[in-house]
Amino acid sequence: MLLELLTKRYPGMRAWLTQRLTGLVMAIYSVLALLRFFILQPESYEAWLSFFQPIWWRIASLLFWLALSLHAWLGIRDVFKDYVPNYGLQMVLQKILLALLWIYLAWAGWLMLA
Amino acid sequence: MQNNQQKHNETKKLRPGQLSRPKNLNLFTIRLPINALVSILHRATGCLLFLILPLILLLVQLSLSSAEQYQMVVNILHSPLVKLILLGVAWAFFHHFFAGIRHLAMDIHWMTSLMKARYTSKLVLVFGAIATIALAIQLWI
């Protein structure tokens, strides 16, 4: 039943659940990041580097950014759907949004893994 | 109501088939219930956070690239005006965070009655303010 709801037959349901799950992922990462920041107190360049040194943290950060990309895609797309009545313009804006989010994701990937 | 609508239609020359709707362009005459206020702020803060994404990436990149660049970023973040902007962005984040948690709670049927929803709306605003004030204390003291 649940799996059926999440297939391509129900794109609205998928978007709804994606928005919630990515939100949850980002909330957990945010709390972790704040805790880590307050425990490690990185107040020099070396300390700041070692803050981003562990591979698990880099992967977690990238996972956060992936969740953020999906979350922003659905959220800003909804804003366009609500406030841009001109369908053609709305499609253009959606494509720009998508391109930006891909660039940001690639940028974040490069920062965390390169 | 029906009567008003008819009057409205008569006084305005309408093309055949055109619907006449009452328009109220002065948004300041609309008083938002607290739930609606939290809701529109959730959307507005989401948009703001989306807009500053490239700045976040840029700051992370610069701060990690070398000791000099790191120092430059630290200096920028320590200037009073930037601190104020940072506080605004932080409030946007906190509001979006707490309003999002409220949404998740309602999705699992927590706090869904009108009275409870109003109460959690207030909580979201209060938590956002407390978190922002706590950060302000960290930044200035």
Side-chain angles (χ1 to χ4, degrees), chain A residues 16-17 19-31 33-34 37-38 41-53 58 61-62 64-65 67-69 71-83 93 96-97 100-112 114, chain B residues 27 39-75 77-78 89-90 92-110 124 127 131-132 134-135 137-139:
Chain A
W16 179 87
L17 194 70
Q19 195 73 320
R20 267 89 191 148
L21 288 180
T22 53
L24 202 58
V25 168
M26 286 189 293
I28 292 166
Y29 175 90
S30 303
V31 172
L34 272 176
F37 195 85
F38 275 104
Q41 301 261 354
E43 282 179 359
S44 70
Y45 178 58
E46 286 71 32
W48 183 235
L49 271 188
S50 60
F51 185 82
F52 278 103
Q53 198 58 252
R58 288 159 180 248
S61 302
L62 205 52
F64 163 81
W65 203 274
L68 192 151
S69 306
H71 197 86
W73 161 244
L74 295 170
I76 305 291
R77 195 188 60 167
D78 278 351
V79 171
F80 288 159
K81 279 181 182 175
D82 282 350
Y83 304 136
L93 288 172
I96 293 171
L97 171 67
L100 278 177
L101 289 174
W102 273 112
I103 291 168
Y104 297 161
L105 186 61
W107 191 353
W110 176 69
L111 281 178
M112 287 299 113
Chain B
L27 294 177
S39 177
I40 192 64
L41 284 177
H42 191 210
R43 172 165 276 197
T45 52
C47 289
L48 177 77
L49 292 169
F50 165 73
L51 289 175
I52 61 155
L53 289 182
L55 277 175
I56 293 171
L57 286 167
L58 191 66
L59 285 178
V60 171
Q61 177 179 344
L62 287 175
S63 65
L64 289 173
S65 62
S66 74
E68 291 79 46
Q69 309 253 40
Y70 171 83
Q71 200 50 52
M72 192 187 79
V73 170
V74 169
N75 290 343
L77 293 181
H78 273 98
V89 169
F93 171 81
F94 290 134
H95 181 85
H96 202 83
F97 180 91
F98 290 121
I101 301 281
R102 177 172 174 266
H103 262 308
L104 289 176
M106 286 180 144
D107 286 337
I108 53 170
H109 303 291
W110 259 27
V124 166
F127 282 177
T132 310
L135 184 74
I137 291 169
Q138 282 281 322
L139 282 176

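Every chain is numbered from 1 and lettered A, B, ... according to where its sequence line falls, protein lines coming before strand lines. No hydrogens, no waters, no symmetry mates; every other heavy atom, side chains included, goes into these values.
With a 4.5 Å cut-off on non-hydrogen atoms, B:L58 touches chain A through its backbone and its side chain both. Of the atoms belonging to A:A27, heavy atoms from both backbone and side chain fall under 4.5 Å from chain B. Of the atoms belonging to A:Y104, heavy atoms from both backbone and side chain fall under 4.5 Å from chain B. At a 4.5 Å heavy-atom cutoff, A:I103 makes no contact with chain B through either its backbone or its side chain. For a residue to count as touching a neighbouring chain, one of its non-hydrogen atoms must lie under 4.5 Å from one of that chain's; by this rule B:Q69 does not touch chain A.
B:S63 contributes atom OG, which lies 10.5 Å from atom CZ of A:F51 (distance to the nearest 0.5 angstrom). Distance check, rounded to the nearest 0.5 Å: CG of B:L64 to CE of A:M112 gives 6.0 Å. If you take CE on A:M26 and NE2 on B:H96, they are separated by 6.5 Å, rounding to the nearest 0.5 Å.
In this pair, B:Y70 and A:Y45 present their aromatic rings tilted. The plane angle is within the 30 to 60° band.
Comparing B:G46, B:S66, B:S65 by heavy-atom pairs within less than 4.5 Å of chain A, the highest count is held by B:S66.
Partners of B:Q61 by side chain to side chain donor-acceptor pair (under 3.5 Å), not counting sequence neighbours, listed by chain and number: A:W107.
Looking at heavy atoms from C-beta onward, B:L53 lies in side-chain contact with A:L68 at the 4.5 angstrom threshold.
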